[in-house]
Structure formats: C-alpha cells, structure tokens
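Notes follow the structure.
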Number of protein chains: 2
Amino acid sequence: MNEVDHFGFNNPKTFKQRYLISDKHWQRDGGSILFYTGNEGDIIWFCNNTGFMWDVAEELKAMLVFAEHRYYGESLPFGPDSFKDSRHLNFLTSEQALADFAELITHLKRTIPGAGDQPVIAIGGSYGGMLAAWFRMKYPHVVVGALAASAPIWQFEDLVPCNVFMKIVSTDFKKSGPNCSESIRRSWDAINRLSNTGSGLQWLTQALHLCSPLTSDDIQHFKEWISETWVNLAMVDYPYESNFLQPLPAWPIKVVCQYLKNPTVSDSLLLENIFQALNIYYNYSGQAKCLNISETATSRLGILGWSYQACTEMVMPFCANGVDDMFEPFLWNLKQFSDECFNQWGVRPRPSWITTLYGGKNISSHSNIIFSNGDLDPWSGGGVTKDISHTLVAITIPEGAHHLDLRANNAYDPASVLLARSLEVRHMKQWIRGFHDNARRQH
Amino acid sequence: MNEVDHFGFNNPKTFKQRYLISDKHWQRDGGSILFYTGNEGDIIWFCNNTGFMWDVAEELKAMLVFAEHRYYGESLPFGPDSFKDSRHLNFLTSEQALADFAELITHLKRTIPGAGDQPVIAIGGSYGGMLAAWFRMKYPHVVVGALAASAPIWQFEDLVPCNVFMKIVSTDFKKSGPNCSESIRRSWDAINRLSNTGSGLQWLTQALHLCSPLTSDDIQHFKEWISETWVNLAMVDYPYESNFLQPLPAWPIKVVCQYLKNPTVSDSLLLENIFQALNIYYNYSGQAKCLNISETATSRLGILGWSYQACTEMVMPFCANGVDDMFEPFLWNLKQFSDECFNQWGVRPRPSWITTLYGGKNISSHSNIIFSNGDLDPWSGGGVTKDISHTLVAITIPEGAHHLDLRANNAYDPASVLLARSLEVRHMKQWIRGFHDNARRQH
C-alpha cells in the first residue's frame, strides 16, 4: 500500500503498488539490495527484460526488487477509473513515483529482517533510468547510488538540439546497409505521391498489407507509424535475436536494410521494399495476417499513461530536418503540442518544470550515478555521455542499442557491453563497500 | 505568479507570491544573491528581523530577496478562502514552498539582467532554516549553499528525545536566577489546587489580570499558555532589548527570574510572582490592561497555517517529565494528536514522511549547509550541533537564543555570535568564489 498523494493531505486514499522480489542470492552479511525503479509498463515485462540484475545478484549478494510505477501494469491508484479524466490522472508524476519508491524501500527495510542495514542501489533503463538517477539525486539517503541506463535526462527544453534523436536513428540505418537511409528518406515523397489518388491509397493498403483501408486523412498518421517503426528498430537494434518491443532477428536494422538497397526505383517498388522492411519488425514470427497502423510495440508498455506524462512533465522536444536525418522535416511546435494535450487530457504541459526540479545540466553536486548509453540508441542524444565528476560517470557502449547493458548476458554480446557491465559492477561494489565501511565506523 | 500545485496538472491555477528585493549593494561582477526562504509568517516582519542579511550585503556584493511562504502574509493561494477547508489547504506543504522558491529564483534569474550568472545562497531561521537546508538538499542546482539558522530538522519521529526541547527551556530558567525553574515547577500544582474551587478560580483571574474569567474547563489551556510563555521567553532570550515575539528587555529570562526567587511561598504568593514574571513578557511596554490567554506571540506569525502544517507534515513530538524539566509531565500521544488534527482540519498527520523525504539523520551526502544553533534556544535540541562533514558544518553560539545570528549587529552582541557570523560569512564567500571559479573554468 502506498499513498495516492504523497504531496497533499486532503486525499487519504492508498493504493496497492505491485513489486517483485527475489532473495535467492541475498546475503545479510555484506549484501545489498538492487532496486529496479519501474517505468512506463508492466513490471513483470521489465523484470523479464532486465537479466543484468539476475546475472549480478550472486556476485553482489543482492536481493532484487522490481517496483512497478503507479498507473502502469496492475498498480492503478483508481483501478479501471485511473485514466478516466485529469482529476484521476492528477497523481501520475515522476515525483509521486519517486516518493512511492522511497516509501516502499522504507517499508521493506522495516519489515524484512536484516534488510535495514543493507545498501540499496537504484537501477533503471530509459524513463526508468531517469527515475533511477533522479531518485539518487532527490533521495540520496535512501539509495547509495544509481545505474541510469539509456536515461535521456537532457531530452528537455533546449538542453540538446531537438533533431539529435532522429539523427541517431538515421545514422543507424545509414551504417547498416548501402543506401538504406536514403531509401527511407525517399519513401516519404513516394507515399505523398501515391496517396494523392484513390487508387494509390488502395494500392498502398494492399502493398503494405494494412489491416484497414488507408484514407487520405490517415496519411500523416501512416507516415508517423512508419517513422516510429524505424525509431523502434533503432532502439532495439540488438546483436542477437530478441523480443523486447517485438520479436526480432539479430541486428534487425541490417536485416531491414537488405530490402532497402535501391533508393532510385519507382514509387511502387520502393514502397514494396518498405513493406518487406516493416514486415521484419511487425511479422518476424510470420503470424501476422496484416499490419495494424495503430500499434508499434508491445502492449506491455502503457502508452496511455505515457501520453499523459508526455503532456504534463515529460515534455521532450523532437524535430527533424530531412538533411541530417532521413525523416520528413517537422518542427517542434510547443503551442500545437499543448493544444493537443489539452484536447486529449484537459491538461497543459509545463515544459520547463523538469529542468527546474531536477537541475538540467547543472547536476555536478550529486554523486554515485552511472549514466550508460549505447551509441546506436537514439535516446543517447539526450543522455549524459561524458563524465561529470569522478562519481558521476558516463559509460558508452559503441555497439549498444537501448539499455543493452541491462539485458541478460548473451553469447553474442559485443565486447563493449561486457566491459560496460563489468565497470558498472565495479562501481556498485564500491558503493556497497563504502556503505558497509561507514556503518562499521559508526558502531 | 507561481503554480498553486507544482506536483499535479489538474489544477492550472496560479497565485501571487510576495517577495521583497533589494539591490542596493548588488554587484554583477563577483556578486551574489542572498535568498531568504520565508517561513510561517508575514515576510515583511521576517525581513525586519533578519538584519544579518542587510549587514553582510555590501561585503558579499549581494542582492537580497525575501520570499514569502505560501499561505502566510499576503501570499494566499485562494485569498480569504485559503484556510476554508482541507481542500483549500491541500497545497500548504514544505515541498510546494520549496518548489515556489525554485520557480521564483528561476524567474528572477531569467528576468533581472546579470542575475543569471550569480550564485544564490539560501538563508532562513527556524522553520525557514529547515527550508533553507532542505532547499539546498533538494535543489542544489538552484542554490550553492544554505545557512540554516536554528533549524530543528531532527525534531521529528524519534530522532531526538521528545523531552529535549522542554529540558533546554528549563535549563535556561535554571541558569538565569536562583530557584527560578523550581518556582515554575511548583507553580503547576499551586494552580491545580487553586483552580479546585470557584473562589480560587476567581482569585486566579484577578491575581493574573486575565481578560476573561477563568473556568475549570480553561485550566489545561491556561497552564499550556503559561508553559508556552516560558518557551517563548527561552526562544527570545536575547542580550539586548528587542521586539520579536513581544517587546522585551535585554536577557528577559533574568528579568523574569527576579520575581521567581522563592519557590516555597504560599500558592497565592507564588502565583502573584508568576504574574509579575508573565507581565514582563506580555506587558513590557506597560500598555496591556489585562492578559489574554488566547495569545502568546505576535500576530505576524501565521498560527493557523502552522497548526495545519503541524497536523500534516511537521509532526514534532514533544513531552516533559517534570524531573529533567520544570513542566507538568505530559506524554507524546500521536493517536490523540491525530484525532485532534482530524477534528480541527479534517486531515491526519503522516509522522514519518518528513524523515523519508528529507533523510532524517542520514544527510551526509549533501554539501554546503551551515547549521547554526544557540545553546539557549530550545530548538537547538532538534538541530544539527555537530559537524557532519567538512561541508556540512555546525556552528554553536553558547550565549545565543533562537537564530540570534540572523539578527542585526548590536553593541550588546556576545562575542560568540560575532564569531558565528564571521564564520558564516567565510563559508558563504567560499561558496560564492567556488561558483565564480567554476563558471570561469567553463568559459
């Protein structure tokens, strides 16, 4: 049970927060607690995709805790009404989530014999990585350190150029096959031309095996769906067969790019090639009968909740110019974004709040945070990729996509991620040792 | 203008936060901003009682800013309705106040030419001192350091014994005159005996010049009012004539104790002496026609707001045993306190939240906070009176009462407060120099 509102006293309601726990390798003597700061999705799914924690549990004599983020999975403050309106959604913020984590750890330390004198380390990836870093910044008395994997804590306001994300996606495709990014760059105009006529729309529906007929009203969304597919591929461009957002082959962008070698073919041939490429992402299992343009990733992610968070605190400016990247140019338009948010959720974003709250680039007074980033990962553009101090360290993984380091050990792991993981463990051991040394000194 | 709710997006309301600003001594080159983190009262009153900031402005080339705390003075989020019910009071928390300060500083830095590259130092006393310390802990990117004067950040849960506060009050009286604390210790039973009869109550009303006739129902409150008077005297036991909570002579407890030299007199004589003592506190000006047992201090303090805060976050356990102190014994009874809070405000306290949020005794990972305390001040019992690290330093002022160091220079200042102030300035200069050195290194 946790408070629905940690920051106000008018609402005494509590809710059930789900968490998973494993003490298989936990040792009270010199041990530790690894605490996964859950992000926007079902915690079981994150637990199953964070093999790193399971892999290092024995070495760190660690208890593992995976805490679900409020408003995701089964941790719904108002049950089925949680997304009903802005009043029910009012408690979906990163601050409330961090307070949940602090209360949960306090509760576990009080109720599990021996846990009280153990150091806790926050671990998270992506938004969960931001939470891990912010948790250490705001609650350094609760966690001795944080591993923030692929955490784009600077993807806010103008801390980084708004096109950095799309640029990295494009680089991934450019590097993965000849003419690959160029083929995609040319596909947008081909779609625009084809969608000008009814027969073109019909042809597109058929050629791309879409589940519902495409209308001219859908075209913008259709292109966004394709863009998001390329973005997602960049995030999960892992060196081995995997199933994070979708079941995929090893180095999926390379596989995709095999279909996109020739950018100068006719519009229809180009789009047929695009279909083959999309089909790798959406139908690697061969089970899909058609492609559904209203979905891009696993349903284990809470897209509703994230859409609300993006419309309130997590305001991340994105843009593309079509030159440094392979996308149709678009600007970051805060006014329009705000209006859309107001229409959908009845709230307006506060785009500078996260920076005011968590410090933006001015975080050097904190300590014991590892920021790890993969160079293939578009989110690395908003991440911390250079050491800030000797206790705020950056680890880069040249061959890594989105938090590859948090995934389970794999025979096909590149050397760079093995090195990253061993550095991470070394830092964590230092934090743990420091905690136990301090405790001994005080007794 | 500031957000009414920084931590939720359903309420887009803003309110006018009052702040005072002086740039008389401010210099853009190598200067600084001293930011008073307003506490539970009218900011003009605090401004007038924080001469220290005015005294050091020139030396630190400092702009002075005094920010009023929401729900006090004129900074009322809902105007006259602000205290109407728990719904309107829902945004009265320390977290919201800190967020107000962060937003205000961000605003000032953006709008005052030259202020953007200046280091800001938080300064506060008492609850405002807690806010200054917590502000540095939670927003180290906004303030380079904090002077937390007489800030009882450990007066929560069981971090310190609940009787430490009353013990210090008693010691002050014990040291200020022979038999003084013993006279007060004996006065409670004298009151109990006298209030047993109607004529006794009548006599008490007359002898103590009370504005309204005392009834047997009032007795508990009457004794609490007297206790609070002794407590307040301990807080403002300054070495010179002053007017903080009330107009008072120099070393007021010494003056009071001149009337309390003989504890073994009759009940009525003892109470007549108690009246003389109380009269020093309530009628030093000689203007009062009678003593009003519903008031103990200046109306510039927001007692309503503080009562709500004490009933929610700021849950400070107090007790007395009558042996180590001069008070009638009372226990800390959370259950009863919670019920009273619920009756008065419709809310229940969360007594461990402040510790979970701000770390309790486990604050060593922070930096650049000065905790100053006067040994005469009962609040020093819940304060940080030993260095925690070389950047979390404690300064004690043996002859100091409640944040004497924040008051204006005075010819009667004891040497210890002069030393304290000069140490404080030395630390602040270090923080300011560090900030400007860093800035130069980055350019």
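Every chain is numbered from 1 and lettered A, B, ... according to where its sequence line falls, protein lines coming before strand lines. What you are looking at is a predicted structure, and each value in this text was computed from that prediction instead of being measured.
For the atom pair A:Tyr358 OH and B:Lys138 NZ, the distance stands at 10.0 Å (nearest 0.5 Å). We find the OG-CG distance between A:Ser365 and B:Asn368 to be 8.5 Å, quoted to the nearest 0.5 Å.
Shortest non-hydrogen contact noted between A:Gly8 and B:Arg350 is O-NH2, 3.1 Å. Across all their heavy atoms, B:His141 and A:Thr356 have their closest contact at NE2-O, 2.7 Å.
With a 6.0 Å radius and a threshold of 12 heavy atoms from other residues, nucleotides or ligands, A:Lys16 has its NZ atom at or below the threshold. Within a 6.0 Å sphere centred on CG of B:Leu304, other residues, nucleotides and ligands contribute more than 12 heavy atoms. For CD1 of A:Ile388, the number of neighbouring non-hydrogen atoms (other residues, nucleotides, ligands) closer than 6.0 Å is greater than 12. Within a 6.0 Å radius of NZ in B:Lys386, no more than 12 heavy atoms belonging to other residues, nucleotides or ligands are found.
Scanning residues 307-317 of chain B against chain A with a 4.5 Å non-hydrogen threshold yields B:Tyr308, B:Thr312, B:Glu313, sorted by number.
Contact of A:His366 with chain B is made through the side chain alone, with heavy-atom distances under 4.5 Å. In this structure, the portion of B:Thr355 lying under 4.5 Å from any heavy atom of chain A is its backbone and not its side chain. Looking at B:Leu357, the atoms closer than 4.5 Å to chain A (heavy atoms on both sides) sit in the backbone and in the side chain alike. Using a 4.5 Å cut-off between heavy atoms, B:Phe7 contacts chain A through both its backbone and its side chain. For A:Leu92, no part lies near chain B; criterion is any non-hydrogen pair under 4.5 Å. For B:Asp5, the parts sitting under 4.5 Å from any heavy atom of chain A are the backbone and the side chain alike.
With A:Asn10 contributing its side chain and B:Asn90 its backbone, the two residues share no donor-acceptor pair below 3.5 Å.
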